[in-house]
Amino acid sequence: MKNTEKITVVIVPVKAPAYVKTIDNKLDVMQEIVGGYIETARLYDVGEMFEDLTVVCNDEGWVRGLPLNKLGIRGQFFLISSEIHGDGEMVGIEPTKAKVIAELLNSNGG
């Protein structure tokens with residue numbers, strides 16, 4: 001399902017619970033969430049619920065000494081679908097799945 005204007009993501013702050021948010025599918029919005037240039041990394045072998053997800057984080061998190069969050073990633077990051085449209089636009093997570101992911105991250109101290 002293509003929705004290029006808005007996407008649903010799971011935001012994982014450094015010292016707060018993960019939460020679901022619908023954001024504009026724009027680079028500047030994504031950069032604001034992570035606090036700088038973005039870097040993406042697809043998740044592999046982390047369990048069925050997290051398959052087909054991509055981490056979007058601060059590209060300079062290590063260099064800038066951003067604090068580690070509870071998952072060992074430097075700074076706040078968010079999760080999106082690993083699907084990318086042919087035009088390069090990122091794809092959000094289905095809202096029901098996003099809610100479950102946030103709950104899982106929060107329930108196990110994730």
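Computed from a predicted model, the values in this text were never measured in an experiment. Hydrogens, waters and symmetry mates play no part in the numbers below; they use all other heavy atoms, side chains included.
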Inset, instruction - Check whether any side-chain heavy atom of Val20 sits under 4.5 Å from a side-chain heavy atom of Thr8, and report yes or no. - result: yes

Inset, instruction - Check whether any side-chain N or O of Asn106 sits under 3.5 Å from a backbone N or O of Pro17 as a donor-acceptor pair, and report yes or no. - result: no

Legend entry - Spacing of CD belonging to Glu83 relative to CD1 belonging to Ile93, to within rounding of 0.5 Å: 12.0 Å

Inset, instruction - Say whether, by atom type as modelled, one donor and one acceptor occur between the side chain of Glu60 and the main chain of Val63 under 3.5 angstrom. - result: no

Inset, instruction - Examine the side chains of Thr54 and Ser82 and answer whether a donor and an acceptor come within less than 3.5 Å of each other. - result: yes

Legend entry - Verify same cluster id: Leu27, Val56 (apolar side-chain graph, 4.5 Å): yes

Legend entry - Residue pair Ala18 / Pro13: nearest heavy atoms and the distance that separates them: CA-CD, 4.1 Å

Inset, instruction - Please step through side chain to side chain contact (heavy atoms under 4.5 Å, CB included) for the pair Ile23 and Asn25, ending with a clear verdict. - result: CA-CA 6 Å; Ile23 65 169; Asn25 194 3; over 6 Å; no

Legend entry - Transitive ILVMFWY side-chain link Leu66 to Val12, under 4.5 Å: no

Inset, instruction - Answer yes if Leu71 and Ile101 sit in the same cluster of Ile, Leu, Val, Met, Phe, Trp and Tyr residues linked by side chain heavy atoms under 4.5 Å apart, and no otherwise. - result: yes

Inset, instruction - Search all heavy atoms of Asn69 against all heavy atoms of Gly75 and return the closest pair with its distance. - result: ND2-O, 2.9 Å

Legend entry - Gap separating the CG atom of Leu104 from the NZ atom of Lys99, nearest 0.5 angstrom: 12.0 Å

Legend entry - Interatomic distance, Phe77 atom CZ to Ile33 atom CD1 [nearest 0.5 angstrom]: 12.0 Å

Legend entry - Crowding at CD, Glu39 (>12 non-hydrogen neighbours, <6.0 Å): yes

Legend entry - Distance, nearest 0.5 Å, that separates CE of Met30 from CG of Asn58: 14.5 Å

Legend entry - Straight-line distance of Thr40 OG1 to Ile80 CD1, nearest 0.5 Å: 7.0 Å

Legend entry - Check: Arg42 and Asp52 side chains under 4.5 Å, non-hydrogen atoms: yes

Inset, instruction - Please examine the side chains of Cys57 and Phe78, heavy atoms only from C-beta on, and report whether any two atoms are closer than 4.5 Å. - result: no

Inset, instruction - Could you go through the side chain to side chain contact (heavy atoms under 4.5 Å, CB included) check for Leu79 and Val55 one step at a time? - result: CA-CA 5 Å; Leu79 297 167; Val55 169; 3.7 Å; yes

Inset, instruction - Using the rule that two of Ile, Leu, Val, Met, Phe, Trp, Tyr join whenever any of their side-chain heavy atoms come within less than 4.5 Å, decide whether Leu53 and Leu105 are in one cluster. - result: yes

Inset, instruction - To the nearest 0.5 angstrom, please state how far the NZ atom of Lys21 sits from the NZ atom of Lys6. - result: 9.5 Å

Inset, instruction - Determine, using the 4.5 Å side-chain heavy-atom cutoff (strictly less than), whether Val14 and Ile73 are members of one ILVMFWY cluster. - result: no

